[in-house]
Amino acid sequence: MICITLPDGTGKEFDSPVSLAQIAGSIGPGLAKAALAGIIDGELADLSTIIKKDATVSLITNKSPEAIDIIRHSTSHLMAQAVKNLFPTAQVTIGPVVENGFYYDFDYERSFTIDDFAAIEKKMEELIKQNITIERKVMERDAAIAFFKDMGEDYKAEIISDIPAGENISLYSQGDFIDLCRGPHLPSTGHIKSFKLLRVAGAYWRGDSDNKMLQRIYGTSFADKKALKAYLHMMAEAEKRDHRKIGKDLDLFSIQDDAGGGLVFWHPMGARMRQTIEDYWKDSHTKAGYEFLYTPHIANIDLWKTSGHLDFYGESMFQPLKVDEQEYQIRPMNCPFHILIYKNHLHSHRDFPMRWAELGTVYRYEMSGALHGLFRVRGFTQDDAHVFCREDQIESEIRNILELTLDTLETFGFSEFDIFLSTKPKKSVGSDEIWDKATNALASAIKHRGLDYVEDVGGGAFYGPKIDVKITDTIGRKWQCSTIQLDFNLPERFDITYVGEDGGKHQPIMIHRALLGSLERFFGILIEHYAGRFPTWLAPVQAVVLTITESHSDWAIEVRDRLRAAGIRADADIRNEKIGYKIRAHTMKKIPWLLIVGEQEQEAKAVSPRDKKGKNLGITPLDDVITSLSNDIASRK
């Protein structure tokens, strides 16, 4: 007998090997119809998978969190099948699921355009109506290479060639289409309910600019049409909020091709905002008991060998520099520098916790095809910090860090958080005892803040558990920003110690943490979150004084100067233009406060404010306006 344990703890017995589909049918016809795939002892599997021994099983329907990736994966195969039907000479390469959708790369003699999408989508709909069974097949590695070469699918053959000889290869077929894939997939094409092709872009084969440029078609898929409609609406909003366009319109930053891709130039308006962000960051960290560090941008390559970055992170590092016959490496991270400062002195158990923070610029190699505005760059500034503490201080320090993290994110206008706790993987350093203590401390800190979290079992780094925080922006997109990571590895690698109460040497706990992630990426998120209409405290220009005629210029300049003296970022527009034109121009620049001055305002030593909502507040004494603006800025709302 084979005993199947279900999620509610109940068991079902079968007298012979049984498929997931049969298990679903034994529970009820409704589940048999709704089931898309399953999980066997923690591993995703197709409904057709045969179970030959006792196992714990759960079934996946379109309401399960695992369903969306399976739906999208099967939709990517459906798209590839449609493309092959319409363009038989196109070669297929890879087609993975990505965040919010999928893509597939093709090699074809002409460029695909969005004009091709209608025909591809129509063919996909035809294949869905045919409800073609999706079947898994297994083939020996060399046989699979020969199989795909015979089909003219050279890219598939090349991928399989990288797999060790003698291994079996998993393939999935649906009608006349077959693809190399690990799965799992939907039972048939008829289970795909809603999809949309989104855009086409170029992509180098295997991400290497020395290889051929392929064509990447992006799409998305959902369990129902309502979810797809909501997503497409969100994407339309996202397009309006594109930080690259708004950044150019408001003259905030640029990426200069002459300097090389992926390097950010902050213009005066953007630099004002960066300074505001940094000032707040430094002030909040000072109040939280942090000291600030400044460290070099390069170091002898031996430092990166000791830290392990050269071994584990080498592909993301730039090539070394030669200095006096020695190799120097531009830094990809700040942590080894902070450890060197720690090693500069002997420390006692009484010195802890030690909280050190740095706005440290780092450099990482990204392929040119992966660069994307402020979101994917080669040089960026991390809001980095490291806390050195004793084991008995872990929980209190994590609580403090989490509190600072959420307070900071809320200050910038984010109120919805998704918390993820990643636990010990199979390969790790450090004892089970310290892992348990650290993981429990992370969980306790989250619960203490009254938050829920998702546990990513085994998802921690080999050197320690971590908390990741995702924020939700105005239009519902989620962004990974903050991370709190315990590290049992670097203290050991660098042999850092402190003198304990017993007079012996002990190893401190090291906590890495970033609240914003990087200033560049976070700035891009802010631009899109607010669509460039920043709260007054962040806006590069907080108020502009507009003259009705040139005769009011002296009063306008005096108003501007008094605003500036009060710490308000203010400008004056005294051009000989109509007031309606000026109002429109500065509204387009998304300036929060417009202060209009004419004859009456000049005589009364006042202004007529127009607030960020476009409401005219009437003639108001200048001192009252300064107080209102100062309160608006101080509130950070």
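Nothing here was measured: the structure is a model prediction, and the numbers come from that model.
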Pair [X] + [Y]: basic N to acidic O under 4.0 Å:
X      : Y      : result
Asp279 : Arg274 : no
Asp242 : Lys245 : no
Glu397 : Arg355 : yes
Asp224 : Lys226 : no
Glu528 : Arg477 : yes
Asp392 : Arg390 : yes
Lys478 : Glu99  : no
Arg376 : Glu366 : yes
Arg399 : Glu403 : no

For [X], is the [atom1] atom crowded, meaning more than 12 foreign heavy atoms sit under 6.0 Å from it?
X      : atom1 : result
Asp452 : CG    : no
His233 : NE2   : no
Lys589 : NZ    : no
Gln275 : CD    : no
Glu315 : CD    : no

Would you please test Trp593 and Asp632 for side-chain hydrogen bond (donor to acceptor under 3.5 Å, both in side chains) and show each step? CA-CA 11 Å; Trp593 288 85; Asp632 187 13; 3.1 Å; yes
Any luck finding a side-chain donor-acceptor pair between [X] and [Y] under 3.5 Å?
X      : Y      : value
Asn300 : Gln326 : yes
Trp304 : Asp311 : no
Ser431 : Glu433 : no
Tyr280 : Thr411 : yes
Trp479 : Asp473 : yes
His267 : Ser254 : yes
Asn100 : Thr220 : no
Lys466 : Ser422 : no
Arg569 : Thr276 : yes
Thr295 : Arg331 : yes
Ser518 : Gln382 : no

Q: Go through Ile277 and Leu538 one step at a time and tell me if the side-chain contact (heavy atoms from CB on, under 4.5 Å) criterion holds.
A: CA-CA 8 Å; Ile277 293 168; Leu538 277 175; 3.9 Å; yes
So, [X] side chain and [Y] main chain: donor-acceptor pair closer than 3.5 Å or not?
X      : Y      : answer
Arg72  : Phe102 : no
Gln329 : Phe318 : yes
Arg378 : Gly262 : no
Ser444 : Asn440 : no
Thr61  : Lys63  : yes
Glu520 : Thr381 : yes
Asp383 : Leu516 : yes
Asn62  : Ala223 : no
Arg241 : His529 : yes
Arg513 : Ile484 : no

message = For Arg493 and Asp487: C-alpha separation, side-chain torsions, deciding distance, then whether salt bridge (Lys or Arg N to Asp or Glu O under 4.0 Å) applies.
response = CA-CA 11 Å; Arg493 278 180 169 269; Asp487 190 346; over 6 Å; no
Between the CD1 atom in Ile301 and the CG atom in Leu321, the distance rounded to the nearest 0.5 Å is 9.5 Å
Rounding to 0.5 Å, atoms NZ (Lys470) and OG (Ser482) come to a distance of 12.5 Å
Residues at least two apart in sequence or cross-chain that pass ring-ring contact (aromatic ring centres under 6.0 Å, His included) with His512, listed by chain then number, are His386
Tyr290 meets the ring-ring contact (aromatic ring centres under 6.0 Å, His included) criterion, sequence neighbours left out, with His285
(request) Please tell me if the side chains of Phe420 and Ile467 come closer than 4.5 Å, counting only heavy atoms from C-beta onward. (result) no
Any idea how Phe253 and His243 line up, ring-wise: parallel (<30°), tilted (30 to 60°), or perpendicular (>60°)? parallel
ask   = Taking the inter-plane angle between the rings of Phe352 and Tyr342 on a 0 to 90° scale, is it parallel (under 30°), tilted (30 to 60°) or perpendicular (over 60°)?
value = parallel
When Thr408, Leu402, Leu406, Asn400 are each screened for side chain to side chain contact (heavy atoms under 4.5 Å, CB included) with Leu404, the one that passes is Thr408
Correct closest heavy-atom pair for Leu519 and Trp266 would be O-CH2, 4.2 Å
*side-chain contact (heavy atoms from CB on, under 4.5 Å) assessment of His338 paired with Leu293*: CA-CA 8 Å; His338 293 194; Leu293 306 180; 3.6 Å; yes
Go through it in stages, so that I can follow the logic: the residues are Phe522 and Phe412, the test is ring-ring contact (aromatic ring centres under 6.0 Å, His included), and I'd like the CA-CA distance, side-chain angles, deciding distance and then a yes or no.
CA-CA 10 Å; Phe522 191 73; Phe412 284 103; 5.2 Å; yes
Practice task
Decide side-chain contact (heavy atoms from CB on, under 4.5 Å) for Phe380 and Val264; before the verdict, give the C-alpha distance in whole Å, the side-chain angles of both, and the deciding distance to 0.1 Å.
Solution key: CA-CA 8 Å; Phe380 55 92; Val264 180; over 6 Å; no
The side-chain hydrogen bond (donor to acceptor under 3.5 Å, both in side chains) partner of Thr536 among Lys637, Arg636, Lys612, Gln542 is Lys612
- [ ] Start with the C-alpha gap between Asp611 and Lys613, add the side-chain angles, then the distance that decides, and say whether salt bridge (Lys or Arg N to Asp or Glu O under 4.0 Å) holds.
- [x] CA-CA 5 Å; Asp611 69 14; Lys613 295 179 181 179; over 6 Å; no
Worked check of side-chain contact (heavy atoms from CB on, under 4.5 Å) between Val387 and Ile401:
CA-CA 9 Å; Val387 175; Ile401 293 169; 4.1 Å; yes
The residue among His506, His349, His345, His347 that forms ring-ring contact (aromatic ring centres under 6.0 Å, His included) with Tyr498 is His506
